[in-house]
Structure formats: C-alpha cells, structure tokens
Amino acid sequence: MQHTRVTPVRSCRVCGADDWHTFLELGRVPLANSFVTDESVPEEIFPLALMSCRECRLMSLTHVVDEHDLYDHYFYVSSPSRLIHRHMEGLAKHYRGALDLGADSLVVEIGSNNGDQLAKFQPHGCQVLGIDPAQNITAQARDRGVDTRTDFFTEEVAKSVRADRGQADLIMARHVIAHIDDLHDLVAGVRELLAPDGFFALEVPYLVELINRRAFDTVYHEHLSYFLVGTLQRLFQEFGMRVVDVAGFDVHGGSIVVTVAHDDSRHRTNPDTVDARIKAEADAGLYRDDAYDGFADIVDTLRASLRASLLDLRGEGLRLAGYGASAKGVTLLTTSQVPPGSLDFCSDTTPEKQGTLIPGLGIPVVSPEEAAEREPDVYVLLAWNYRDEILAKEADFLERGGRFFVPIPEPRLVGAEELAAAAGRTVSTGARS
Ligand code: TYD
Ligand code: ZN
C-alpha cells in the first residue's frame with residue numbers, strides 16, 4: 001500500500017518567518033474527503049493542529065499532506081446550492097461591469113472544479129479557461145463545454161497559458177488558495193498571467209468569521225491557511241501587487257472576496273473596505289497571541305458540549321442521522337469524540353459520496369431518497385453553512401415534527417418554528433457586506 005506523505009510546516013508560506021504560536025490541537029484525524037469505498041484498507045490518520053505566525057498572522061495547520069494524495073481523485077463537487085449559484089452569478093456580473101469584459105476578454109479560474117463559475121461568463125461572450133488538478137471533475141467541466149486544463153496552477157503553467165492564450169483580464173480563485181502550500185509560486189503565476197489592468201479575484205473563508213462563528217470544523221487537512229486581510233495585503237505587496245477592494249459574503253461560513261491588482265495599474269485602492277478591515281482585525285486583537293488562546297478555549301468547550309448534547313439525544317432514544325456528508329462533519333464529529341455509532345447514516349446529494357462511508361466514522365452515506373425512507377427523528381446538520389436553504393427544503397420533515405441539530409456556533413435543536421425566519425434570511429443572504 002502506498003502511504004500518504006505528511007510534512008511538518010517550518011517557515012511561514014506568506015512571510016518566511018519561523019516564529020509560530022501553536023494554540024489548538026485537535027488530535028489525529030483521517031483526511032476529510034477520503035470517503036471509504038473499501039473497508040479492508042486501513043484508514044490513515046494525521047495530526048490536525050493550528051498555529052499563528054507571529055510575524056504576519058497567517059493561521060496555518062502544523063502539518064501538510066502531499067497535494068497529490070489529496071486532489072488527484074477528488075470527491076468535492078461544487079454544491080448544487082441555489083445560494084452559491086446566485087453568489088457566483090453576482091460575482092460574474094460585478095467583474096463584467098468593473099472590467100467591461102466582453103468578447104475579447106479572457107477569464108481564467110484557478111481551482112475551477114466542474115466549471116460552474118466560468119459558465120456564468122460564457123453567455124456574455126468571454127473566453128474562459130479553467131485550471132484544476134482533479135481528473136474526474138475537470139472531465140465533467142470539459143463535457144459541458146468549459147475549456148479546462150487538468151493541472152495544479154504554478155508559475156510554469158501560468159507562463160504556458162500566457163504563451164497560448166495571452167494575458168487574462170480576470171483571474172478568479174474561489175476557495176482554493178487555502179489548499180495551496182506554495183503560495184509564492186501561485187502569486188508569481190498570477191503576476192505573470194494577469195493583464196496590466198486586470199483583476200485577481202480571490203475568495204477565502206474569512207478568519208475573523210471563523211473565529212466569530214466558532215467554525216473550528218472548517219479546519220481540516222485540505223485547508224492549510226486561514227487569512228486576515230492584512231496577511232493577504234502583505235503577501236501581494238511582496239509581488240508588486242496590492243489589495244484594492246474587499247467584500248464580505250455570507251457563503252461557506254462567512255467569506256471575503258478580495259480584489260487584487262498590479263501596483264501600477266489604473267485601479268485605486270478602496271480605503272473604506274481594505275484599510276477599514278485591517279484596522280478592525282487589529283482592534284479585535286488578531287495580531288496578538290492571546291486572541292488565539294481565547295479561541296482555543298472556546299473550541300474546547302464547544303467540542304465537549306457537542307459530544308454531550310448528541311449523547312443526550314441518543315440517550316432519549318431519538319434516532320439521529322447526518323445531513324450533508326461535508327468535510328466539516330469529519331472534523332466536527334471525530335475531534336469532538338462523538339462515538340461512531342451515534343449517527344445511523346448520513347444523507348448527501350453528491351452521487352460520488354453515496355454508497356461510501358464517512359472517513360473515520362464508518363457512517364454510511366445515502367441518497368436523500370433513501371434517507372427519506374429511513375427518516376430519523378433528528379438530522380445533525382453537518383452542512384450548517386447551507387442552514388436556511390436546507391431548512392426550507394426540508395419543510396415537510398419539520399412540519400411532521402422532525403428536528404435539525406445545528407452544531408455551530410453552538411449546539412441548538414431547531415424545528416418547524418424556525419421556518420419563517422429561515423425563509424426571510426434566504427432572501428437577503430449572499431449580499432455584499
Ligand atoms: P460543503 O459545505 O459544500 O463543503 P465541505 O465539504 O467543504 O465542508 O459540503 C456540503 C455537503 O452537503 C456536500 O457533500 C453536499 C451536501 N448537501 C446536501 O446533501 N444537501 C444540500 O441541500 C446541500 C446544500 C448540500
Ligand atoms: Zn508569516
């Protein structure tokens with residue numbers, strides 16, 4: 001059997017310093033997207049812990065798993081969520097307007113997955129190119145007509161794309177740079193490929209939101225880095241670029257879209273978003289160690305309370321099942337030491353996940369149709385980032401007396417009484433803030 005390679009992180013992938021403050025140990029955990037298809041193969045587990053760079057305040061995992069082991073065959077398919085589609089549509093519209101993109105424009109996406117985001121530019125005549133290492137998912141993108149190259153994005157790949165297609169007016173990277181160890185190579189590639197007045201639009205989960213929402217379960221081996229705006233500003237400055245705008249969105253547990261341009265481009269930096277965010281980060285103490293120690297205490301308390309609440313529900317004789325076999329769920333359940341048998345099964349819409357077992361827990365993943373037949377008393381909402389959308393979709397289950405256990409920011413049971421409020425929120429979420 002081929003063993004997965006794992007390496008301790010020494011120097012900071014943003015600033016190069018090696019002065020780390022390690023503040024949260026989550027134990028040894030399996031890879032969150034390594035859904036089990038063959039029970040006879042023993043599962044490997046790897047250390048999962050967080051540290052903060054005292055120089056630039058990058059938050060990083062302490063260990064990195066080799067990228068080929070994580071991504072060559074990848075289970076994560078961009079969700080069929082309406083909220084996310086609306087968000088992608090909004091981004092496409094925003095950048096088309098801001099850059100006046102048209103028939104001669106080239107939009108490149110790093111980590112383009114099944115091509116959902118790029119497809120939003122095609123009706124407007126833009127040329128598109130996706131770059132993504134997952135063979136199975138890039139094949140799906142090509143099948144639907146989104147030109148996609150199966151590769152990791154590197155400076156070398158950027159040069160070859162530039163030679164073939166010219167420079168890009170817009171480069172997007174949504175929820176991907178947290179997955180990349182060699183950030184300097186990535187940013188050098190962006191600098192190479194980006195047209196003089198182009199934009200690099202980077203979407204990341206926002207570290208401030210992760211802390212505020214106590215979203216410790218978004219920590220897993222694929223997410224190497226967690227960013228403040230100040231840390232990103234520092235990264236791009238080293239490469240002759242600057243952050244010109246920042247917008248917050250209520251997707252994936254609270255994300256920011258950071259717009260980056262060449263230093264000498266025509267674009268002005270927006271102080272009301274960029275400088276204001278960095279100041280707020282400093283005011284919240286996030287450039288000091290103690291804020292992270294405080295967060296670790298909160299997470300330890302939350303993990304204990306998640307375990308106790310689920311054991312209590314089970315003790316009352318209620319049948320529990322998971323809803324959404326998310327990667328987050330693996331961190332949530334394994335690091336809270338929830339006994340593996342606590343959930344009978346987990347419902348998930350992703351065909352690739354159905355028929356597998358959740359890593360480390362042995363919980364069978366079933367289709368929503370099968371889940372409806374085996375309906376539990378309580379669904380543990382492992383995809384809490386889609387809470388309102390899922391509550392609305394499962395209105396019948398709630399009306400019949402079913403309940404959802406929402407784990408984050410603190411354990412809470414919700415029933416039909418929450419429906420009206422959730423419906424109100426889905427109208428307003430995804431908006432710029
Ligand atoms: P997601 O939050 O997208 O990501 P991560 O794995 O990064 O934590 O995972 C959500 C999972 O939930 C995904 O496998 C799809 C599934 N899902 C459903 O089963 N039903 C739904 O209605 C939605 C929105 C997602
Ligand atoms: Zn650093």
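Only a predicted model underlies this, so the values are computations on that prediction, with no experimental measurement involved.
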Any idea how Phe199 and Tyr95 line up, ring-wise: parallel (<30°), tilted (30 to 60°), or perpendicular (>60°)?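 If you compare the ring of Phe199 with that of Tyr95, the planes turn out perpendicular.
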Ring-plane angle category for His223 and His179, please: parallel below 30°, perpendicular beyond 60°, tilted otherwise.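 His223 vs His179 ring planes: perpendicular.
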So does [X] pair up with [Y], basic N to acidic O under 4.0 Å?
X: Asp18; Y: Arg10; answer: no
X: Arg54; Y: Asp19; answer: yes
X: Arg96; Y: Asp169; answer: no

Passes side chain to side chain contact (heavy atoms under 4.5 Å, CB included), Leu310 versus Leu333? Steps please. CA-CA 10 Å; Leu310 289 172; Leu333 297 171; 4.2 Å; yes
[X]: salt bridge (Lys or Arg N to Asp or Glu O under 4.0 Å) partners, not counting sequence neighbours:
X: Asp297; result: none
X: Arg162; result: Glu192
X: Arg412; result: Glu418
X: Asp147; result: Arg165

Using the side-chain contact (heavy atoms from CB on, under 4.5 Å) criterion, which residues pair with [X]? Sequence neighbours excluded.
X: Ala139; value: Arg142
X: Asp275; value: Pro271
X: Arg288; value: Asp290

Measure centre to centre between the rings of Tyr323 and Phe404, then say whether the value is under 6.0 Å.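 They qualify: ring centres under 6.0 Å apart.
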If you take the centroid of each ring, where Trp contributes its six-membered ring, are Phe295 and Phe216 closer together than 6.0 Å? no
Any luck finding a side-chain donor-acceptor pair between [X] and [Y] under 3.5 Å?
X: Thr148; Y: Ser112; result: no
X: Glu222; Y: Asn33; result: yes
X: Glu394; Y: Tyr379; result: no
X: His87; Y: Asp250; result: no

Would you indicate whether Glu156, at its atom CD, is surrounded by more than 12 heavy atoms from other residues, nucleotides or ligands within a distance under 6.0 Å?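 Not more than 12 within 6.0 Å, no.
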Counting only heavy atoms not in Asp164, do more than 12 fall under 6.0 Å of its CG?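 For Asp164, atom CG is crowded (more than 12 foreign heavy atoms under 6.0 Å).
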Would you please name every residue forming a side chain to side chain donor-acceptor pair (under 3.5 Å) with [X], sequence neighbours left out?
X: Ser52; answer: Arg57
X: Ser160; answer: Arg149
X: Lys93; answer: none

Using atom types as modelled and distance alone, determine if a side-chain donor or acceptor of [X] lies under 3.5 Å from a backbone N or O of [Y].
X: Lys353; Y: Ala325; result: yes
X: Glu281; Y: Val208; result: no
X: Asp132; Y: Asn113; result: yes

What pairs meet the side-chain hydrogen bond (donor to acceptor under 3.5 Å, both in side chains) rule with one or both residues in residues 225-236, with sequence neighbours excluded? Arg13-Ser225, Glu55-Arg234
When you look at Leu202 and Met172, which way does the side chain to side chain contact (heavy atoms under 4.5 Å, CB included) test go after all the steps? CA-CA 6 Å; Leu202 179 68; Met172 297 188 78; over 6 Å; no
Give me each pair satisfying salt bridge (Lys or Arg N to Asp or Glu O under 4.0 Å) with a member in residues 260-272, each pair once, sequence neighbours excluded.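 Residue pairs passing salt bridge (Lys or Arg N to Asp or Glu O under 4.0 Å), neighbours aside: Asp197-Arg266, Arg242-Asp263.
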For Gln127 and Ser105, run side-chain hydrogen bond (donor to acceptor under 3.5 Å, both in side chains): C-alpha distance rounded to whole Å, both residues' side-chain angles, the deciding distance at 0.1 Å, then the answer. CA-CA 6 Å; Gln127 304 300 305; Ser105 312; over 6 Å; no
Please evaluate residues Asp245 and His267 with respect to the criterion side-chain hydrogen bond (donor to acceptor under 3.5 Å, both in side chains), reporting the C-alpha separation (whole Å), side-chain torsions for both, the decisive distance (0.1 Å), and the verdict. CA-CA 10 Å; Asp245 199 11; His267 303 292; over 6 Å; no
Where is the tightest heavy-atom contact between Gly16 and Ser11, given as atom of each residue plus distance?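 Nearest pair, atom of Gly16 first, then Ser11: O-CB, 3.4 Å.
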Side chain to side chain contact (heavy atoms under 4.5 Å, CB included) between Met241 and Val190, intermediate numbers included: CA-CA 10 Å; Met241 298 168 99; Val190 169; 3.6 Å; yes
For the pair Arg28 and Phe46, evaluate side chain to side chain contact (heavy atoms under 4.5 Å, CB included) and give the outcome as yes or no after the intermediate values. CA-CA 5 Å; Arg28 292 172 74 87; Phe46 305 94; 5.9 Å; no
